[in-house]
Trainee: 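Please see the structure below; I have some questions.
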Amino acid sequence: MSIEFENDQIRRRYEELDELIARGVEPYPHSFDRTHTSRQILETFRDDDPSPLADVAVAGRIMAIRRMGKATFFHIQDADGKIQCYIKADELPSQYEMLRLLDIGDIVGVRGFVFRTRAGEITVHARLLALLCKSLRPLPVVKEERDEHGNVIVHDAFTDKEQRYRRRYLDLIVNSHVRQTFIQRSRMITAIRRFFDERGWLEVETPVLQPIYGGATARPFVTHLNALDMPLYLRIADELYLKRLIVGGFEGVYEISKNFRNEGIDRMHNPEFTALEIYVAYRDYHWLMDMTEELLVTVTSQVRGEPTLLRADGTGIPLERPFRRVRLLDAISDAIGQRIESLSREELYTLCRRHDVDVAPSASKAKLIDELFSTLVQPTLVAPTFVTDHPVEMSPLAKRHRDDPMLVERFELYIGGMEIANAFSELNDPRDQRQRFEEQARLRAGGDDEAMVLDEDFLMALEVGMPPTAGLGIGIDRLAMLMTGAASIRDVILFPLMRPEHSQRPIEA
RNA sequence: GACCCCGUAGCUCAGUGGUAGAGCAUCUGACUUUUAAUCAGAGGGCCGCAGGUUCGAUCCCUGCCGGGGUCACCA
C-alpha cells in the first residue's frame with residue numbers, strides 16, 4: 001500500500017506508527033481500564049492526604065507536551081476536561097522511549113499517583129504509559145494560559161467557521177466552549193422531556209416520510225418510494241399526526257423531531273431542524289401560555305442555573321413571569337400609531353409602503369400584516385413576549401377566537417427578537433377546517449406554493465371528533481441558541497448543512 | 001437568487017506587480033517539577049481553481065469553486 005501524504009507532518013506520523021509497531025507497541029489496543037476522569041481527580045485531590053489517589057488510571061488525548069530532556073509533562077483531555085501528567089525517563093525507560101514517538105492528538109492511558117507540582121498543578125505521576133490510539137493527522141494547536149485572575153486566555157484559537165462546521169470533530173476537540181454548547185443543548189432536551197413526562201404526557205413518534213405534508217406553510221423535500229412507486233415528502237411538521245393521536249384518545253402527546261423545509265439557509269434557518277410539538281386535550285391557549293412560561297423557566301433554570309437566557313452579544317434575558325402578552329393587531333397599531341384592523345388590503349399595502357416595509361403588490365392581506373409585524377415589531381421583542389390573536393387567514397389550523405371570528409386563538413412567543421414558539425387553541429370543527437383548507441387551495445392555485453395541502457384523512461379524524469385541545473410548537477434549535485448565547489443556528493447543530501466540498505461531490509450514476 | 005467581504009504553511013495571521021514571511025505546531029540538539037516551558041538550529045507553500053492583462057501575477061481584471069455577512073425568500 002502506498003499512501004501519498006498531504007504534508008510532512010502526516011508522513012512523519014505514519015513513519016512513527018511504523019516505528020512503534022517495529023518496537024512491539026500495539027498502536028490501536030482494544031481497551032484501557034480507567035479508574036478516574038480528569039475532573040474526578042481534580043475535585044477529590046487533597047494536599048493533606050493524597051493517598052486515596054495513590055493509584056489512578058486516566059485516559060485521554062494528548063493536547064500539549066513539554067519535553068525537558070529526561071522528564072516530560074503533558075496534558076491529556078477527556079470528556080470532563082484536562083489533567084497534567086508527568087513521566088520520568090529513569091522510572092519508565094522503555095515507555096519514555098515510546099513517548100518520543102507520540103504527538104499532540106494521540107490518545108493515551110496513564111496509570112500512576114496524583115501529586116501537586118511546585119507550580120501548584122495537580123498532576124498524575126506516571127507509573128505506566130500506554131498508547132491507546134495513534135493520531136495520524138495534526139490537530140489545530142490551541143494554546144491556553146491563565147492571567148493573574150485565573151481567566152483562560154486562548155491563543156491561536158481554531159476559528160475558521162467552514163473548517164469548524166465541516167470537521168466538527170476537530171472543533172469539539174480543541175474548542176471546549178463548543179463541547180459545552182452541545183452538552184447544554186442535550187441537557188435542555190432532557191429537561192423538557194422530564195417536564196412533560198412528570199405531567200403524564202406521552203412521547204410518541206410519527207412519520208417522517210409522509211404522503212401528504214401538512215401542519216405548516218413551507219416547501220417540502222420530495223423523495224420517492226420505490227416499493228410503492230409513489231412520491232413521499234419529508235415532514236415539515238408533526239401537527240396533523242399528533243392531532244390524530246388526540247382523536248385516538250391520548251390526552252397529552254409530544255414529539256421532539258427533525259423537520260425538513262426546502263427553503264433558505266441563514267443564521268436562523270437550517271434545512272433540517274429540531275422541533276418540539278405538544279398537544280394537550282381539554283386545554284386552550286391561555287392555559288398553554290402559562291404552561292409555556294413554566295416550561296421555559298424550569299428548563300432554563302436547570303440548564304443555566306438561573307432563569308436567564310443569553311444573547312450572542314453576552315447580555316442576559318431574564319425570564320420573569322408572567323411574560324408580556326400583547327395582541328398582534330395592538331402591537332402593530334402601537335408601532336404605527338394607527339389602528340389597522342378595519343383597513344382594506346389596499347390600505348394595508350399603502351401603509352407598508354409608507355413604513356418602508358418591502359412587500360409585493362400582490363401580497364395577501366395576511367401577508368401584509370405579517371410583514372408589518374416582522375419588520376416593525378418583531379426586532380423590538382427582546383424580553384419574552386406572547387403575541388396573540390392573529391387574523392384567521394394567517395392560521396389555517398387554529399380555532400377561531402371566542403370573542404372575534406375574524407381572529408384565532410393563537411400565540412407566538414418571541415424572545416431576543418426570535419420566534420421561539422407557536423401555539424393555538426386547536427381547530428377541531430371539521431367544517432371550519434375544511435373551509436380553511438379550501439382557502440389554502442385557492443392560495444395554492446393562485447401561485448402560493450407554500451399554502452397547505454388538503455388532507456382528507458385528517459378531516460375524517462376531525463369528523464370522528466377531537467376534544468378541545470391546546471397545541472404548542474417550539475423551535476428547539478433557536479431555544480438552544482438562547483440557552484448557549486449562540487449567534488447562529490449552525491453553532492447549536494452538530495453537523496449543519498454545508499455545500500459538499502469539491503472532492504466530495506456525488507458522482508452522477 | 002442579488003449584493004458586499006474573505007480564501008497565503010497543519011493552525012492563527014502578515015505581506016508585495018519581480019514566483020513569499022511571523023508565531024504556534026513539526027524536525028535536530030540541550031534541559032529530571034514544566035505549564036503560551038525555555039534556549040540554539042532546520043524543514044515545510046500549485047498564495048482556492050481556470051483564464052486574461054503584463055517582459056513578469058500570490059498581488060490587477062473576468063469567470064468558477066468554497067465560506068461568511070446583508071437583503072430577498074422563509075419559521
Side-chain angles (χ1 to χ4, degrees), chain A residues 5-13 15-16 63-75 82 84-92 96 100 103-105 115-121 123 125 135-147 152-167 170 174-175 215-219 236-237 259 261-271 273 275 358-360 367 370-371 374-375 378 394 412-414 418-422 448-450 473-475 477-478 487-490 496 498-505:
Chain A
F5 298 106
E6 283 174 44
N7 62 58
D8 60 323
Q9 292 194 48
I10 291 173
R11 178 171 41 78
R12 172 72 200 170
R13 284 174 182 237
E15 289 167 0
E16 285 170 346
M63 298 302 288
I65 310 182
R66 290 176 291 282
R67 303 175 199 269
M68 301 185 314
K70 296 190 174 57
T72 292
F73 288 89
F74 55 97
H75 274 94
K82 288 181 188 152
Q84 181 170 257
C85 300
Y86 178 57
I87 180 168
K88 294 209 286 186
D90 56 358
E91 294 176 348
L92 296 170
Y96 201 85
R100 273 200 325 107
D103 294 291
I104 290 171
F115 74 112
R116 189 185 290 276
T117 65
R118 274 210 284 268
E121 180 157 354
T123 300
H125 186 129
S135 169
L136 297 171
R137 275 186 183 264
L139 236 41
V141 176
V142 179
K143 295 223 170 189
E144 293 177 355
E145 72 173 317
R146 285 182 188 280
D147 64 12
V152 175
I153 301 167
V154 177
H155 299 272
D156 298 329
F158 179 53
T159 53
D160 184 283
K161 284 187 180 174
E162 180 176 1
Q163 290 303 311
R164 287 185 46 221
Y165 298 146
R166 287 193 194 281
R167 317 267 186 254
L170 294 178
V174 302
N175 288 328
T217 52
R219 273 184 286 265
I236 58 174
N259 289 347
R261 299 190 184 178
N262 207 338
E263 285 163 358
I265 303 173
D266 62 27
R267 244 178 37 252
M268 309 277 279
H269 300 86
N270 195 61
F273 63 99
D358 193 16
V359 285
K367 178 75 182 163
D370 195 29
E371 285 298 322
S374 53
T375 307
Q378 183 177 339
M394 296 171 72
E412 295 176 302
L413 173 61
Y414 289 86
M418 283 192 291
E419 185 201 333
I420 297 298
N422 183 25
D448 183 351
D449 55 359
E450 284 163 3
I474 292 182
D477 308 284
R478 291 177 179 180
S488 167
I489 198 168
R490 293 186 189 98
M498 302 284 280
R499 205 184 287 268
E501 290 177 283
H502 200 64
S503 59
Q504 296 287 311
R505 280 289 164 79

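Below, chain A is the first sequence line, B the second, and so on; all start at residue 1.
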Trainee: Quickly work out the A:L170 CG to B:rC11 P distance and round it to whole Å.
Mentor: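 After rounding, the reported distance stands at 9 Å.
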Trainee: Under the salt bridge (charged side-chain N to carboxylate O under 4.0 Å, His left out) test, which residues partner A:E162, sequence neighbours left out?
Mentor: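 Result, salt bridge (charged side-chain N to carboxylate O under 4.0 Å, His left out) vs A:E162: A:R166.
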Trainee: Please enumerate all residues that pass side chain to side chain donor-acceptor pair (under 3.5 Å) together with A:R478, with sequence neighbours excluded.
Mentor: A:H269
Trainee: Please report, rounded to the nearest Å, how far the P atom of B:rC11 is from the CZ atom of A:R164.
Mentor: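 Answer to the nearest Å: 14 Å.
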Trainee: List the residues meeting salt bridge (charged side-chain N to carboxylate O under 4.0 Å, His left out) with A:R267, not counting sequence neighbours, and say none if there are none.
Mentor: none
Trainee: Going by salt bridge (charged side-chain N to carboxylate O under 4.0 Å, His left out), name the residues that satisfy it together with A:E16, two or more places apart in sequence or in a different chain.
Mentor: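 In terms of salt bridge (charged side-chain N to carboxylate O under 4.0 Å, His left out), with neighbours along the sequence ignored, A:E16 is linked to A:R12, A:K134.
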Trainee: Polar pairs (N or O, both sides) under 3.5 Å between protein and nucleotides 69-73 of chain B?
Mentor:
| unit_1 | atom_1 | unit_2 | atom_2 | d |
| --- | --- | --- | --- | --- |
| B:rG69 | OP2 | A:R490 | NH1 | 3.4 |
| B:rU70 | OP1 | A:R267 | NH1 | 2.4 |
| B:rU70 | OP2 | A:R267 | NH1 | 2.9 |
| B:rC73 | O2' | A:R219 | NH2 | 3.2 |

Trainee: Quick one: list whatever passes side chain to side chain donor-acceptor pair (under 3.5 Å) with A:S135, sequence neighbours left out.
Mentor: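 Testing A:S135 for side chain to side chain donor-acceptor pair (under 3.5 Å), a comparison that skips the adjacent residues, returns A:R13.
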Trainee: Could you measure between the two P atoms, the one in B:rA57 and the one in B:rG51, and give it in whole Å?
Mentor: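 Approximately 12 Å lies between the P atom of B:rA57 and that of B:rG51.
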Trainee: Return the set of residues passing side chain to side chain donor-acceptor pair (under 3.5 Å) with A:N270 (not counting sequence neighbours), or none when no residue passes.
Mentor: none
Trainee: A:F74: which residues meet the ring pair (Phe, Tyr, Trp, His ring centres under 6.0 Å) condition with it, sequence neighbours left out?
Mentor: none
Trainee: Just the rounded figure in Å: distance from P of B:rA9 to CG of A:N7.
Mentor: 11 Å
Trainee: Between B:rU33 and B:rG29, how far apart are the C1' atoms? Round to whole Å, please.
Mentor: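 Roughly 23 Å separates the two C1' atoms.
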Trainee: Just the rounded figure in Å: distance from P of B:rC13 to CZ of A:F158.
Mentor: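 Between P of B:rC13 and CZ of A:F158: 11 Å.
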Trainee: Could you state the CD-P distance from A:E6 to B:rG44, rounded to the nearest angstrom?
Mentor: 18 Å
Trainee: What's A:E145 touching, base or sugar-phosphate or nothing? Going by heavy atoms closer than 4.0 Å.
Mentor: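 If one applies the 4.0 Å heavy-atom cut-off, A:E145 turns out to touch a base.
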Trainee: Could I get the full list of side chain to side chain donor-acceptor pair (under 3.5 Å) partners for A:N175, not counting sequence neighbours?
Mentor: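 For A:N175 the side chain to side chain donor-acceptor pair (under 3.5 Å) partners, ignoring immediate neighbours, are A:D171.
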Trainee: In whole angstroms, how far is the C1' atom of B:rU33 from the CD1 atom of A:I87?
Mentor: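 It is 15 Å, rounded to the nearest whole Å.
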Trainee: Check every strand shown and say whether A:Q163 touches a base, only sugar-phosphate, or nothing at a heavy-atom separation below 4.0 Å.
Mentor: nothing
Trainee: Taking the P atom in each of B:rC61 and B:rC6, what is the distance between them to the nearest angstrom?
Mentor: 11 Å
Trainee: In whole angstrom, give me the gap between the P atoms of B:rA25 and B:rU38.
Mentor: 8 Å
Trainee: Where the side chain of A:T159 is concerned, which of B:rG66, B:rG10, B:rC13 is the nearest nucleotide?
Mentor: B:rC13
Trainee: Please report the distance, rounded to the nearest Å, between CZ in A:F74 and C1' in B:rA36.
Mentor: 19 Å
Trainee: If the P atom of B:rA14 is compared with that of B:rC31, how far apart are they to the nearest Å?
Mentor: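 Per the computed distance, 39 Å lies between those P atoms.
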Trainee: Nearest 0.5 Å please: distance from the CG atom of A:L139 over to the CG atom of A:D103.
Mentor: 10.5 Å
Trainee: Touch check for A:A218, heavy atoms < 4.0 angstrom, all strands: base, sugar-phosphate only, or nothing?
Mentor: sugar-phosphate
Trainee: A quick test of your reading: do over 12 heavy atoms of other residues, nucleotides or ligands sit less than 6.0 Å from CZ of A:R137?
Mentor: no
Trainee: Pairing of RNA chain B as dot-bracket, 5' to 3': ( ) intra-strand, [ ] crossing, | other strand, . unpaired, with Watson-Crick or G-U pairs under 3.5 Å?
Mentor: (((((((..((((....[..)))).(((((.......))))).....(((((..]....))))))))))))....
Trainee: Roughly how many Å apart are B:rC5 and B:rC46, using the P atom of each and rounding to a whole number?
Mentor: 27 Å
Trainee: Shorter than 3.5 Å, N or O on both sides, protein versus nucleotides 24-32 of chain B: list them out with atom names.
Mentor:
| unit_1 | atom_1 | unit_2 | atom_2 | d |
| --- | --- | --- | --- | --- |
| B:rC24 | O3' | A:K143 | NZ | 3.1 |
| B:rA25 | OP1 | A:K143 | NZ | 2.8 |
| B:rA25 | N3 | A:Q9 | NE2 | 3.2 |
| B:rC27 | OP1 | A:E16 | OE2 | 3.4 |
| B:rC31 | N3 | A:G69 | N | 3.2 |
| B:rC31 | N4 | A:G69 | N | 3.1 |
| B:rU32 | OP2 | A:K70 | N | 3.4 |
| B:rU32 | N3 | A:D90 | OD2 | 3.2 |
| B:rU32 | O4 | A:D90 | OD2 | 2.9 |

Trainee: Please classify the nucleic acid contact of A:Y96 as base, sugar-phosphate, or nothing, using heavy-atom distances under 4.0 Å.
Mentor: nothing
Trainee: Without decimals, in angstroms, what is the distance between A:Q84 CD and B:rA37 P?
Mentor: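 Going from CD in A:Q84 over to P in B:rA37 covers 10 Å.
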Trainee: OP1 or OP2 of B:rU34 sitting under 4.0 Å from any side-chain N/O of A:R66?
Mentor: no
Trainee: Looking only at atom P, what distance separates B:rU58 and B:rU19, rounded to whole Å?
Mentor: 10 Å
Trainee: Students often get this wrong, so: under 4.0 angstrom with heavy atoms, is A:M268 touching a base, only sugar-phosphate, or nothing?
Mentor: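 The answer is nothing, as A:M268 stays clear of every strand by at least 4.0 Å.
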Trainee: Nearest 0.5 Å please: distance from the CG atom of A:L92 over to the OG1 atom of A:T72.
Mentor: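 Rounded to the nearest 0.5 Å, the CG-OG1 separation comes to 11.5 Å.
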Trainee: Would you say the base of B:rU34 and the side-chain of A:E121 have a donor-acceptor pair closer than 3.5 Å?
Mentor: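 No, no donor-acceptor pair under 3.5 Å.
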Trainee: Identify which nucleotide among B:rG67, B:rU33, B:rU34 has an atom closest to any side-chain atom of A:F115, counting heavy atoms from C-beta outward.
Mentor: B:rU33
Trainee: Which value, in whole Å, describes the distance between the P atoms of nucleotides B:rA9 and B:rC59?
Mentor: 15 Å
Trainee: What residues, two or more places apart in sequence or in another chain, satisfy side-chain contact (heavy atoms from CB on, under 4.5 Å) together with A:H125?
Mentor: A:Y86, A:K88, A:E91, A:F113, A:F115
Trainee: Go through the steps for A:H75 and A:E144 under the test side chain to side chain donor-acceptor pair (under 3.5 Å), then give the verdict.
Mentor: CA-CA 12 Å; A:H75 274 94; A:E144 293 177 355; over 6 Å; no
Trainee: Specify the closest pair of heavy atoms between A:P140 and A:L170, including all atoms of both residues, with the distance to one decimal.
Mentor: CD-CD2, 4.1 Å
